[in-house]
2 protein chains.
Amino acid sequence: MSVTAAAGFRAVGTTAGLKPSGKPDVAVVVNDGPKHEAAAVFTTNRVAAAPVLWSRQAVTDGRAYAVVLNSGGANAATGQQGFRDAHRTAEHAAAALGCSSGDVLVCSTGLIGEPLDMERLLPGVDTAVQGLGTEGGPAAAEAIMTTDTRAKQSRVDGTGYTVGGMAKGAGMLAPGMATMLAVVTTDADLPASALQLALDRAVAATFNRADSDGCMSTNDTVILLASGASGVAPDPDEFGAAVTRVCADLARQMVGDAEGAEHDIAVRVVNAETEEAAEAVARAVARSNLFKTAVFGQDPNWGRVISAVGTVPEYVAAFDATALDVSFNGVQVCRASGVGEDRSLVDLSAREVRVEIDLHAGDAEATIWTNDLTHDYVHENSAYST
Amino acid sequence: MSVTAAAGFRAVGTTAGLKPSGKPDVAVVVNDGPKHEAAAVFTTNRVAAAPVLWSRQAVTDGRAYAVVLNSGGANAATGQQGFRDAHRTAEHAAAALGCSSGDVLVCSTGLIGEPLDMERLLPGVDTAVQGLGTEGGPAAAEAIMTTDTRAKQSRVDGTGYTVGGMAKGAGMLAPGMATMLAVVTTDADLPASALQLALDRAVAATFNRADSDGCMSTNDTVILLASGASGVAPDPDEFGAAVTRVCADLARQMVGDAEGAEHDIAVRVVNAETEEAAEAVARAVARSNLFKTAVFGQDPNWGRVISAVGTVPEYVAAFDATALDVSFNGVQVCRASGVGEDRSLVDLSAREVRVEIDLHAGDAEATIWTNDLTHDYVHENSAYST
């Protein structure tokens with residue numbers, strides 16, 4: 001499991017004291033090589049956090065030795081001081097690790113608008129570096145949690161190589177990724193360009209289709225590191241599929257741990273003209289607060305589904321608005337945009353809900369994962385600053 | 001007040017028995033002329049309800065004698081039968097009123113996916129027509145209520161003429177208008193083309209900037225009828241301003257009555273490059289569930305505001321993401337995208353909340369009205385089908 005599943009990686013999670021709770025809050029992942037190829041995808045939010053600005057620049061050469069991650073502070077909306085703090089974190093870790101600061105990526109998560117507590121973070125990084133080990137993946141996954149209730153890890157074995165990963169994220173999940181950090185590692189021997197291609201495709205099909213509450217974070221970062229330690233240069237398609245499986249697994253775990261949610265909802269659109277059209281329609285439904293509250297109430301309210309479908313413009317998705325079918329958990333409650341099977345046949349008591357919308361306009365499909373809108377979501381996000 | 005404020009109009013509200021509650025559910029507004037000019041704006045939802053399909057067609061000639069409105073059933077997602085029912089309603093009313101069915105507009109609101117109870121509606125229309133009067137506006141406004149807690153009416157007096165209106169809408173308020181029906185009447189003497197121009201501008205600046213929960217309805221309709229009974233042909237700009245004031249008043253009343261809301265929030269974006277950019281940024285904030293829950297919790301969470309601002313692409317709104325100012329009720333808690341005045345200075349206990357975002361990118365502005373996201377919103381929309 002996790003970021004130490006693949007050969008050539010060490011990791012650690014430790015406690016620097018950034019969180020009032022005293023829980024672990026600093027993780028380091030180190031690539032011991034022999035190769036140090038790296039790729040990354042960042043939030044498209046224009047109000048990007050300082051660590052995003054730093055790491056985006058640092059990874060442009062396709063190389064990284066280490067990633068330093070902290071919870072207990074997002075270092076977002078912190079101005080010039082925030083960027084200096086991110087840079088200083090990278091320099092401090094680089095000195096301890098014996099590499100260049102330009103090869104250290106930095107990720108932060110926590111409250112926005114407060115400076116990082118560098119007096120605690122830097123000694124924490126020292127402690128972390130001393131504790132690095134090949135079994136450190138689970139501790140690292142735990143140290144990046146914020147409102148997560150469970151650490152999120154995954155592993156897929158390819159032909160002679162391994163892909164492993166960890167992630168955090170439990171809300172504010174949206175396109176252009178969720179409020180999420182993820183580090184994926186592999187011992188495959190591939191250049192940074194191949195990693196970036198695989199990561200871009202994987203993120204588009206997984207994290208970018210987890211849309212818990214429509215809100216995009218300032219800190220989202222997904223990093224893929226390759227050590228080459230297996231000596232295996234895999235087929236790009238097979239490798240891409242393995243990375244996608246790890247990302248899909250992590251994304252599914254995030255939706256399953258979303259703040260206050262009682263249902264994980266797969267909104268699948270089938271028979272669309274294009275995959276983009278299917279995704280746009282699925283996202284429109286996944287973003288409808290009326291649909292999300294209906295699922296919370298275990299109400300297979302197909303009227304709210306087709307109302308949301310109808311908001312997607314013709315130029316985005318071609319379909320006949322009088323020919324829509326909608327099913328909840330396999331029961332087709334809406335046929336040809338009208339009443340279908342008896343809605344009392346639908347049981348929405350289980351956590352996982354599957355909604356399928358047939359556009360009858362082609363043969364493409366896409367699925368967006370979302371959550372219901374619950375009292376606990378409102379409570380958690382109104383009672384606490386995040 | 002209301003649709004009978006202007007000379008030349010009669011209205012009525014009555015009970016046909018469409019609502020389980022036994023409350024009034026049918027309204028009729030009649031234009032007694034001498035002119036019968038009409039304009040309308042409809043939902044852009046592609047899953048448009050049958051009465052929208054009927055009325056959109058019927059108003060194309062710029063003439064209308066009457067509007068029949070019912071609550072207790074949306075006649076949406078009802079297929080061919082739904083269209084026949086809308087047509088039959090218009091024919092029935094036309095026979096009773098002595099006009100052509102093509103001059104009768106029809107509006108419906110209530111549950112989606114159930115056929116109208118024509119056995120009750122048509123006798124209700126007969127009863128209504130017999131009760132028409134020049135003092136019937138308030139009763140008509142009451143008969144179109146669904147989850148509204150208050151009837152919504154408005155009146156503005158121009159130079160020698162009057163504009164009056166009524167509306168319903170209490171949730172599912174969104175762009176392309178809210179789940180709302182509105183009828184605005186005037187005794188000004190203007191042709192349909194002038195009415196349509198005034199109405200288009202008024203709707204864009206008022207109803208389309210009320211975005212309670214981001215959800216667009218299948219039935220939204222705003223109708224403007226002109227009797228010419230004042231004999232006054234007003235200046236188009238003055239007339240447009242009067243129509244906009246009536247629509248703004250009705251839109252504000254809808255936001256103030258939104259389902260489960262505890263706060264009415266004006267999200268004002270200033271110093272944008274264009275009005276469209278200001279509107280896009282304001283809407284992104286108004287649609288953020290994290291922002292809306294923060295306001296419910298009386299938390300002036302500027303981090304969630306700038307996170308939402310940052311999701312608007314550069315090609316939609318030009319601004320420097322490090323130069324954003326945000327104030328809550330006049331307290332500038334965020335300056336230059338960082339910490340500003342002490343957030344404890346902000347008092348969000350009153351129902352009305354004013355959030356202002358300064359983009360420092362031009363001199364255009366726009367305001368979107370929205371509501372907070374509350375336990376009651378979740379409750380009302382999860383416990384009941386609508």
Side-chain angles (χ1 to χ4, degrees), chain A residues 44-48 74 76-79 111-114 171-172 174 176 213-218 287-290 293-297 299 301-304 306-314 319 321-322 324 334 336-339 372-375 377-386, chain B residues 44-48 74 76-79 111-114 171-172 174 176 213-218 287-290 293-297 299 301-304 306-314 319 321-322 324 334 336-339 372-375 377-386:
Chain A
T44 57
N45 198 310
R46 292 161 69 187
V47 183
T78 46
L111 278 180
I112 292 179
E114 296 183 357
M172 212 181 185
D213 65 1
C215 294
M216 187 202 293
S217 153
T218 53
R287 291 254 178 113
S288 163
N289 281 351
L290 288 174
T293 47
V295 173
F296 170 54
D299 171 15
N301 196 316
W302 59 267
R304 295 182 183 176
I306 65 171
S307 293
V309 172
T311 64
V312 178
E314 176 86 34
F319 58 80
T322 67
L324 305 168
C334 169
S337 301
V339 178
D372 54 349
L373 179 54
T374 69
H375 287 296
Y377 177 88
V378 173
H379 177 70
E380 293 190 23
N381 288 299
S382 61
Y384 312 110
S385 262
T386 54
Chain B
T44 57
N45 198 310
R46 293 161 69 186
V47 183
T78 45
L111 278 180
I112 291 179
E114 294 183 359
M172 212 180 184
D213 65 0
C215 294
M216 185 203 291
S217 153
T218 52
R287 290 257 179 111
S288 162
N289 281 351
L290 288 173
T293 47
V295 173
F296 170 55
D299 171 16
N301 195 317
W302 58 268
R304 294 183 184 176
I306 65 170
S307 293
V309 172
T311 64
V312 178
E314 176 87 33
F319 57 82
T322 68
L324 305 168
C334 170
S337 302
V339 177
D372 54 349
L373 179 55
T374 69
H375 288 297
Y377 177 88
V378 174
H379 178 69
E380 293 190 25
N381 287 298
S382 61
Y384 312 110
S385 261
T386 53

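Proteins come first, then strands; the chains are lettered A, B, ... in the order of their sequence lines, and each starts at number 1.
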Where do Asn289(A) and Tyr377(B) land on the side-chain contact (heavy atoms from CB on, under 4.5 Å) test, with the steps shown first?
-> CA-CA 10 Å; Asn289(A) 281 351; Tyr377(B) 177 88; 3.6 Å; yes
Top residue by heavy-atom pair count (under 4.5 Å) with chain A, among Ser337(B), Gly338(B), Ala77(B)?
->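 The residue among Ser337(B), Gly338(B), Ala77(B) with the greatest pair count is Ala77(B).
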Specify which of Val339(B), Thr78(B), Ile306(B) makes the most heavy-atom pairs with chain A at under 4.5 Å.
-> Ile306(B)
Between OG1 on residue Thr322(A) and CZ on residue Arg46(B), distance to nearest 0.5 Å = 11.0 Å
Quick one: pull up OG1 in Thr374(A) and NE2 in His375(B) and give me the separation to the nearest 0.5 Å.
->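 One gets 9.0 Å once the value is rounded to the nearest 0.5 Å.
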Ile112(A) to Gly303(B) - nearest heavy-atom pair and separation |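 Residues Ile112(A) and Gly303(B), closest heavy atoms: CG2-CA, 3.9 Å.
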Smallest separation among heavy atoms of Val47(B) and Leu324(A), with atom names |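 In terms of heavy atoms, the two residues are closest at CG2-CD1, 4.0 Å.
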At a heavy-atom separation under 4.5 Å, does Glu314(A) approach chain B through its side chain, its backbone, both, or neither?
->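 For Glu314(A), the contact with chain B is made by backbone and side chain together.
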Set of residues satisfying side chain to side chain contact (heavy atoms under 4.5 Å, CB included) with respect to Thr311(B), sequence neighbours excluded | Asn45(A), Met216(A), Ala284(B)
Who passes side chain to side chain contact (heavy atoms under 4.5 Å, CB included) against Ser288(B), sequence neighbours left out?
->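 Testing Ser288(B) for side chain to side chain contact (heavy atoms under 4.5 Å, CB included), a comparison that skips the adjacent residues, returns Cys215(A), Leu290(B), Phe291(B), Ala308(B).
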Out of Pro313(A), Ala336(A), Ala294(A), Ala48(A), which one racks up the most heavy-atom pairs below 4.5 Å with chain B?
->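 Most heavy-atom pairs within the cutoff with chain B belong to Pro313(A).
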